[in-house]
2 protein chains.
Amino acid sequence: MISIVLFEDKANMRESLKLLIESETDFKLLEMFPNCKNAKQHILTHQPDVVLMDIDMPGVNGIEGVKIIKSVRPETQIIMLTVFEDDDKIFESIKAGADGYILKKSIPTELLSAIHNASVGGSSISPGVASKVLNAFREKSKASNVNTFSLSKREQEVLELLTKGYSYKKIAADLFVSIDTIGSHIKNIYSKLQVNSAPEAVAKALRLKIV
Amino acid sequence: MISIVLFEDKANMRESLKLLIESETDFKLLEMFPNCKNAKQHILTHQPDVVLMDIDMPGVNGIEGVKIIKSVRPETQIIMLTVFEDDDKIFESIKAGADGYILKKSIPTELLSAIHNASVGGSSISPGVASKVLNAFREKSKASNVNTFSLSKREQEVLELLTKGYSYKKIAADLFVSIDTIGSHIKNIYSKLQVNSAPEAVAKALRLKIV
DNA sequence: ATAAAAATCACCAATATTGGTGATTGTCTG
DNA sequence: CAGACAATCACCAATATTGGTGATTTTTAT
């Protein structure tokens, strides 16, 4: 038996969802609320397995609601319901800790299987949303690797030690060469990265993930 | 009509998938290959709407295959098929450009709807995998903000300029204060971050995302 | 085998940074 | 109101870094 609490401001939507949920024999709709006011209390009282959370609600919105619920009872599985495929809201929700993201226009069975999935720790994401998430994921991982700035192997090593905050002396000791050699390498690194100081080089290296 | 090409090394799996795909009237299975050798050629020849790609294949594996296909024909929608929920492979696939990620143990209808979704640009991710993706997404976004190291507002500003590679002089000029003031702030920053040099501070700041 | 690139070392002068100490002013909080 | 903190500035000495020039030895690639 999967227990469910629903947060949704529009009365007719609440009724539709209620009917849908009650059509499944192993779902139990514990309660419905029109906003996230006192969400903390509601969750602690009802201890639901799964929460269905509308994103756009007056007062305390769904994203805030997720934060509240996850902070008081992290094991609660939360599925976001929304009409929009709005990038910001999607990412905010995910960061807040949402475990699923279903568009309201999805077919009803999709929501039902999302609830089933959530109850066993799986996440369901509507295809259009999933596509945005994957793209964002790629964004964060790319940019790198292409710009190796054709640093030589040794220069790469030196740069890495530089990003650890090592001084010339320490780097020299680490690599068993003279401090002047390190000076040379660093000069070359600066020229390749087009910077003029260690902090700048470190910043560039870390930002472009070439370390 | 959605045209499909399949890469899968195991013959019996190929046959099963073939039967499944051909059960849908609007799918056309153009061709099947046991590995990604000559994937470039195959894709250019067949120009499929959707590619089903097994991850583990001898020779050129599925992840390499994705890179190849996306580089020659980016509009090709690629759905990864796998038996494992292996974190690394999942993230590698996504980075390579995969548009969906379905576990082989999924119910057949899930794969069919994944293909339909892919053909219209949506992504399908099996619940267990989606959950990992969302977690990874959160990882990347969090870590920050918690460790503010109780830097004062001014110290934060100085640190930010430091991560831009500015010298004491330039920072002082930017903030309209004396260079000695900057020196003081930086001394305090070092002590709070527990470092002893600018490169180290920059590295720590960027790694912990406190800038 | 020969040329190019990488890695090594040296020396030097001009700056910059680091780590001290100390002081003033304003703001906020108990 | 006192004490804490933030922000400001100053001075100093010891190091460290930067930016030059120049040179030798390995490695790598053609």
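Both backbone and side-chain heavy atoms feed into the values below; hydrogens, waters and symmetry mates do not. Chain naming here is simple, since letters A, B, ... match the order of the sequence lines and numbering starts at 1 in each.
Applying the 4.0 Å criterion to OP1 and OP2 of C:dG19, one finds that B:Asn196 has a side-chain N or O inside that range. Phosphate contact (OP1/OP2 of D:dT8, side-chain N/O of B:Ser184, threshold under 4.0 Å): absent. The phosphate of C:dT18 (OP1 or OP2) has a side-chain N or O of B:Tyr190 nearer than 4.0 angstrom. The side chain of A:Lys169 contributes an N or O atom lying less than 4.0 Å from OP1 or OP2 of D:dA16.
At the heavy-atom level, B:Ser197 lies under 4.0 Å from the strands shown only through sugar-phosphate atoms. Across all strands, A:Asn188 comes closer than 4.0 Å to no nucleic acid atom at all (heavy-atom distances). Among the heavy atoms of the strands lying under 4.0 Å from B:Ser167 are primed sugar atoms or P, OP1, OP2 only; no base atom is included. Note on B:Thr181: a base of the nucleic acid sits closer than 4.0 angstrom, heavy atoms only.
Rounded to a whole Å, the CD atom of A:Glu200 is 14 Å from the C1' atom of D:dT17. Between A:Asp180 atom CG and D:dG22 atom C1' there is a gap of 12 Å when expressed in whole angstrom units. We find that NE2 of A:His185 is positioned 8 Å from P of C:dC9, with the value rounded to whole Å. Rounded to an integer number of Å, the gap from A:Tyr168 OH to D:dT17 P is 6 Å. If you measure from atom CD1 of A:Ile182 to atom P of D:dA16, you get 15 Å, rounded to the nearest angstrom. Summarising the geometry, the separation between CD on A:Gln194 and P on D:dG19 is reported as 13 Å, rounded to the nearest angstrom. We find that CD1 of A:Ile189 is positioned 13 Å from P of C:dA6, with the value rounded to whole Å. Atom CG of A:Leu151 and atom C1' of C:dA6 are 12 Å apart (whole Å).
Between B:Lys89 and B:Glu92, no side-chain nitrogen of the basic residue sits less than 4.0 Å from a carboxylate oxygen of the acidic one, so the salt-bridge criterion is not met.
Side-chain proximity of B:Lys187 to C:dG19, D:dC9, D:dT18: nearest is C:dG19. Between D:dT17, C:dT18, C:dA10, one nucleotide has an atom nearer to the side chain of A:Ser178 than all others, and that is C:dA10.
Residues B:Ile179 and B:Lys153 each lie close to DNA chain D; by heavy-atom proximity, the contact nearer the 5' end of the strand is made by B:Lys153.
Ring pair B:Phe7/B:His42 is tilted by interplanar angle, where 30° to 60° counts as tilted.
B:Arg73 places a side-chain N or O within donor-acceptor distance of the main-chain N or O of B:Pro48, the cut-off being under 3.5 Å.
Here the rule is side chain to side chain contact (heavy atoms under 4.5 Å, CB included) with A:Val5, and of A:Met32, A:Gln47, A:Met53, A:His46 only A:His46 fits it.
Taking a 6.0 Å sphere around NZ of B:Lys192, one finds it holds more than 12 heavy atoms contributed by other residues, nucleotides or ligands.
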